[in-house]
Amino acid sequence: MQPSAAPDLADLAHTHARPAHWLATATATAAVVALAGLLQPGPAGAGTVPAAAPRPAPAPDAAAVSYPLECGGGPHTVAKRVSGDLDGDGNPETVAVVHCEAGSGTPPSGVYVLTRGKTGGTPARVVATLVAPEQHRNVTELAVRDGAVRATLLGYSSPDVPSCCPDEKEQVSWRWRGGAFVRGDQADALGV
């Protein structure tokens with residue numbers, strides 16, 4: 001067998017591992033790993049993350065509002081309340097059915113829209129009266145759907161009808177248009 005013309009690798013100076021070589025290799029490897037970690041692609045399908053939308057303010061508390069009711073010094077009752085965004089600003093309003101407390105009988109209801117101010121510390125307040133107690137109506141159903149207030153009203157065809165037994169039933173709706181609540185026709189109110 002003929003000896004190789006290549007020099008013996010054990011005789012080459014650069015093949016002897018010294019601590020400086022190990023330190024340089026470890027440092028280079030750590031740098032590559034760190035750089036690879038910084039340059040990772042995002043999750044599949046992820047684009048830029050949009051800024052979180054501000055949370056809507058809570059719906060106004062119907063129990064904490066002063067209503068334009070004349071109860072002869074007596075208290076009032078919030079009989080029904082529903083909430084929803086009625087004006088499209090992203091914050092809910094509350095619709096409250098309120099009547100004076102009575103020992104017997106069925107006092108007429110008022111239907112009020114409540115909102116809270118633009119700042120968090122502003123208290124809730126009545127911004128619209130949809131049904132005034134003077135109209136002598138009672139509300140049996142109340143809902144907010146698709147940005148509209150929908151209600152079923154009971155009333156009286158004449159003063160001769162006993163207050164225990166309303167003889168008229170009407171389904172109504174109101175929608176925010178042009179800066180005011182506009183009462184809709186019967187077709188708008190269906191689905192209460």
Side-chain angles (χ1 to χ4, degrees), residues 53-192:
R55 300 184 94 185
D61 180 9
V65 174
S66 177
Y67 293 95
L69 284 171
E70 292 295 329
C71 294
H76 67 272
T77 298
V78 177
K80 297 179 186 331
R81 68 191 91 197
V82 295
S83 296
D85 185 6
L86 300 175
D87 58 4
D89 69 352
N91 291 306
E93 287 74 33
T94 296
V95 181
V97 176
V98 185
H99 60 79
C100 295
E101 286 187 18
S104 63
T106 307
S109 300
V111 180
Y112 304 98
V113 178
L114 315 174
T115 190
R116 97 175 39 257
K118 299 296 181 192
T119 63
T122 306
R125 66 188 191 288
V126 174
V127 292
T129 300
L130 303 179
V131 176
E134 296 80 30
Q135 294 173 288
H136 300 287
R137 298 286 184 250
N138 293 92
V139 180
T140 60
E141 296 180 41
L142 181 69
V144 171
R145 286 195 204 113
D146 302 323
V149 178
R150 301 170 192 274
T152 300
L153 305 178
L154 302 179
Y156 308 92
S157 59
S158 77
D160 297 330
V161 176
S163 62
C164 68
C165 312
D167 63 342
E168 293 181 334
K169 181 178 181 178
E170 182 180 18
Q171 292 183 327
V172 295
S173 70
W174 295 268
R175 188 172 294 279
W176 182 256
R177 287 192 187 123
F181 284 97
V182 178
R183 186 169 166 166
D185 61 13
Q186 291 290 340
D188 289 338
L190 294 178
V192 169

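The shown structure was predicted, so the numbers you read here are calculated from the model rather than taken from an experiment.
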Do any side-chain atoms of residues 60-69 form donor-acceptor pairs under 3.5 angstrom with protein atoms, and if so which ones, sequence neighbours left out?
from	atom 1	to	atom 2	distance (Å)
D61	OD1	A63	N	3.1
Y67	OH	A62	O	2.7

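- Atom CD in Q171 sits 4.5 Å away from atom OG1 in T152 (nearest 0.5 Å).
- A donor-acceptor distance shorter than 3.5 angstrom exists from the side chain of R175 to the backbone of D146, with no hydrogens or angles considered.
- Residues satisfying the side-chain contact (heavy atoms from CB on, under 4.5 Å) test with S158, not counting sequence neighbours, are D160, V161.
- The closest donor-acceptor contact from the side chain of R116 to the backbone of P58 lies under 3.5 Å.
- Pairs of residues two or more places apart, or lying in two chains, never qualify as ring-ring contact (aromatic ring centres under 6.0 Å, His included) while including a residue from residues 84-107.
- Remark: A132 engages T129, E134, Q135 in a side-chain contact (heavy atoms from CB on, under 4.5 Å) (not counting sequence neighbours).
- Minimum heavy-atom separation, A96 to L114: CB-CD1, 4.4 Å.
- Applying the side chain to side chain donor-acceptor pair (under 3.5 Å) test to every pair with at least one member in residues 68-85, sequence neighbours left out, gives these pairs: T77-E101, S83-T94.
- Contacts of S157 classified as side chain to side chain donor-acceptor pair (under 3.5 Å), with partners at least two apart in sequence or in another chain: D167.
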Apply side chain to side chain contact (heavy atoms under 4.5 Å, CB included) to V131 and V139, showing your working. CA-CA 9 Å; V131 176; V139 180; 5.6 Å; no
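- Among residues at least two apart or in separate chains, disulfide (SG to SG under 2.5 Å) pairs with a member in residues 59-116 are C71-C100.
- Among pairs with a residue in residues 132-176, those fulfilling ring-ring contact (aromatic ring centres under 6.0 Å, His included) read W176-F181, at least two apart in sequence or across chains.
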Might you work through the salt bridge (charged side-chain N to carboxylate O under 4.0 Å, His left out) test for E168 and R137, ending with a clear yes or no? CA-CA 9 Å; E168 293 181 334; R137 298 286 184 250; 3.7 Å; yes
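- A donor-acceptor pair is defined here as one N or O able to donate and one able to accept, closer than 3.5 Å; no such pair exists between the side chain of N91 and the backbone of A59.
- Separating the CG atom in L154 from the OG atom in S109 is a distance of 9.0 Å, to the nearest 0.5 Å.
- V82 meets the side-chain contact (heavy atoms from CB on, under 4.5 Å) test with V95, L142, V144; sequence neighbours excluded.
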